[in-house]
There are 2 protein chains.
Amino acid sequence: MPYDPSAFAPFAVTVDLVVLTVRRHALCALAIRRGEPPFQGRWALPGGFVRPDEDLSQAAARELMEETGLCAHAPDAPAQANGAHLEQLATYGDPKRDPRMRVVSVAHLALAPDLPAPRAGGDANSARWAPVEDLLQQGGYGRDGEQAAPLAFDHARILSDGVERARSKIEYSSLATAFCPPEFTVGELRRVYEAVWGVALDPRNFHRKVTGTPGFLVPTGGTTTRQGGRPAQLFRAGGATLLNPPMLRPEV
Amino acid sequence: MPYDPSAFAPFAVTVDLVVLTVRRHALCALAIRRGEPPFQGRWALPGGFVRPDEDLSQAAARELMEETGLCAHAPDAPAQANGAHLEQLATYGDPKRDPRMRVVSVAHLALAPDLPAPRAGGDANSARWAPVEDLLQQGGYGRDGEQAAPLAFDHARILSDGVERARSKIEYSSLATAFCPPEFTVGELRRVYEAVWGVALDPRNFHRKVTGTPGFLVPTGGTTTRQGGRPAQLFRAGGATLLNPPMLRPEV
DNA sequence: AGTGTTTATCGTCAGGCAGACGACTATGAT
DNA sequence: ATCATAGTCGTCTGCCTGACGATAAACACT
């Protein structure tokens with residue numbers, strides 16, 4: 001019986017963002033410290049309400065811009081400088097997920113290159129990049145000895161789902177380049193895979209694989225020694241989005 | 001600025017269902033004929049409002065039961081007889097997707113074995129299994145010569161996304177068994193892959209692949225000749241959910 | 001009873017790709 | 001000059017897949 005006016009209750013609809021980047025060989029996510037109850041003082045994912053005239057992806061892109069200054073290039077939007085990959089992740093609507101009211105949150109996943117310090121309404125103290133293991137471990141201690149409180153709401157679940165999506169998606173797509181600056185070396189791309197998967201990869205087999213996949217990497221002609229050692233070729237991301245055959249994640 | 005009460009507008013939240021099955025060697029979806037405006041008389045996906053005290057997956061399972069009589073076994077629910085696979089697909093929230101009001105729809109994907117005739121509130125004329133190509137082609141003619149009007153709302157997009165999810169997911173998971181009855185033969189499973197992908201597969205290589213993947217199929221000891229020809233072994237779905245290495249979909 | 005048809009199942013073989021790893025190159029640091 | 005670091009090119013072996021031949025066990029005819 002669709003659309004019987006007495007049959008539906010109003011919901012609040014929000015977007016939450018899992019913004020991932022690779023910093024210092026670790027997969028990190030953007031976390032915001034909550035300034036008000038509930039969960040005051042706890043870390044949470046950035047997010048906010050969807051506006052009445054906004055599509056979900058627009059709302060996610062707007063939040064991403066507000067929190068990080070990144071322009072998202074979704075599949076339907078033109079690519080931009082300093083852009084990030086943005087895609088819908090999943091929707092969370094447990095009736096008790098927000099103690100105040102019924103909130104349905106459409107989570108999005110954003111992948112960005114390493115950035116300068118985050119900003120959150122000018123308050124640098126209330127936003128940070130944190131390794132995802134630190135954010136996900138329950139009741140342990142972070143690297144700085146600070147007690148690691150669980151994330152607010154069901155954000156640990158959302159973050160976990162986002163990380164798993166990223167881990168599996170770089171297997172069969174060229175998405176790992178979204179973690180890299182516009183020009184990058186094969187070694188830098190390999191370190192992205194190593195950080196996201198948390199494993200070590202053989203540099204020689206990795207080089208053979210990525211340079212041998214048509215459309216994955218396009219040489220720019222330049223070289224760099226910013227990682228030390230012998231100069232490495234610079235590449236841009238090629239047009240291919242799907243990797244066939246995929247990059248296999250080592251098991252166990 | 002989360003949760004400023006003046007900052008959010010109420011939305012209606014619905015679940016829509018992409019219910020897929022394999023009938024007569026074709027991938028079919030459940031379609032409901034709309035009895036009221038807008039899009040009166042057009043075909044649409046089954047769905048309905050999420051109730052105030054219901055989780056999204058509960059709402060989807062309830063709608064599935066109402067429309068088909070199937071009990072969903074989601075990953076967190078116990079398996080049941082006559083059960084179907086159910087998972088969240090994606091969420092659609094374009095401000096204009098429903099002309100009457102702002103509706104955010106959380107689409108779910110259900111996979112079911114071939115069933116008896118569908119029911120829709122007792123009105124058999126308003127629900128049917130239709131090949132997905134018939135539902136997705138715009139302005140053509142269905143097999144029975146009937147003008148094929150596009151699906152209501154953005155349901156063609158939702159159905160298309162659901163079909164693509166199913167097509168890709170049976171590559172790397174054991175999900176194709178969700179289209180089969182509790183006991184099935186290798187040939188029946190192969191016909192599922194052929195119908196979902198729309199290609200012909202080599203029976204010998206397929207047999208080697210599925211019987212050689214540990215945990216995919218468990219022999220029950222029985223045999224059947226319901227497909228004609230030499231008796232075939234019967235199998236149940238094994239415990240494995242991920243196929244490694246995957247079943248590769250032939251390209252082109 | 002024999003013949004053809006259908007479906008299932010086992011085997012063989014060649015090519016492609018991945019993991020393991022050796023060898024060499026080009027830079028900066030000591 | 002030597003070392004450490006990182007990048008790049010090869011080789012070899014084993015596994016998996018695609019392409020197919022061959023056999024097996026049922027049913028439907030004649």
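Separating the CZ atom of B:Phe206 from the P atom of C:dT7 is a distance of 15 Å, rounded to the nearest angstrom. Residue B:Gln233 contributes atom CD, which lies 12 Å from atom P of C:dA8 at whole-angstrom precision. Nucleotide D:dG7 holds its C1' atom 10 Å from the CZ atom of A:Arg191, rounded to whole Å. Atom CD of B:Glu194 is separated from atom P of C:dT7 by 11 Å (rounded to the nearest Å). If you measure from atom CZ of A:Phe184 to atom P of D:dG7, you get 13 Å, rounded to the nearest angstrom. Atom pair A:Leu201:CG and D:dG7:C1' shows a separation of 16 Å (rounding to whole Å applied). Taking atom CG of B:Asp202 as the reference point, atom C1' of C:dC10 lies 13 Å away to the nearest angstrom. Between the C1' atom of C:dA18 and the OH atom of A:Tyr172 lies a distance of 21 Å, rounded to the nearest Å.
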Short N/O separations, protein against nucleotides 14-18 of chain D, under 3.5 angstrom:
unit_1 : atom_1 : unit_2   : atom_2 : d
D:dT17 : OP1    : B:Lys209 : NZ     : 2.7
D:dG18 : N7     : B:Arg208 : NH2    : 2.9
D:dG18 : O6     : B:Arg208 : NH1    : 3.0

Please produce a list of atom pairs where a protein N or O lies less than 3.5 Å from an N or O of nucleotides 23-25 of chain C.
unit_1 : atom_1 : unit_2   : atom_2 : d
C:dT25 : O2     : A:Arg230 : NH1    : 3.0

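When heavy atoms are screened at a 4.0 angstrom cut-off, B:Arg226 is found touching no nucleic acid atom at all.
Taking the nucleotide of DNA chain C with the nearest heavy atom to each of A:Gly229 and B:Arg190, the more 5' of the two is matched to B:Arg190.
Both tests pass for B:Arg128 against the ring of B:Trp43: distance under 6.0 Å to the centre and angle within 45° of the axis.
With hydrogens and angles left out, the side-chain atoms of A:Asp16 and A:Tyr92 include no donor and acceptor closer than 3.5 Å.
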request  = Go through A:Glu87 and A:His108 one step at a time and tell me if the side chain to side chain contact (heavy atoms under 4.5 Å, CB included) criterion holds.
outcome  = CA-CA 6 Å; A:Glu87 66 178 48; A:His108 285 69; over 6 Å; no
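Taking 4.0 angstrom as the limit, B:His207 places none of its side-chain polar atoms (N or O) nearer than this to OP1 or OP2 of C:dA8.
Heavy-atom minimum distance, B:Glu183 versus B:Glu188: O-OE1, 4.3 Å. In terms of heavy-atom proximity, A:Ile170 sits nearest to A:Leu243 at O-CD2, 4.5 Å.
Looking at B:Glu194 and B:Arg167, no side-chain N of the basic residue comes within less than 4.0 Å of a carboxylate O on the acidic one, giving no salt bridge.
The closest side-chain heavy-atom distance from B:Leu27 to B:Phe179 is below 4.5 Å.
No more than 12 heavy atoms of other residues, nucleotides or ligands sit less than 6.0 Å from atom CZ of B:Arg157.
Between A:Leu89 and the options A:Leu159, A:Val18, A:Val15, a side chain to side chain contact (heavy atoms under 4.5 Å, CB included) holds for only A:Val18.
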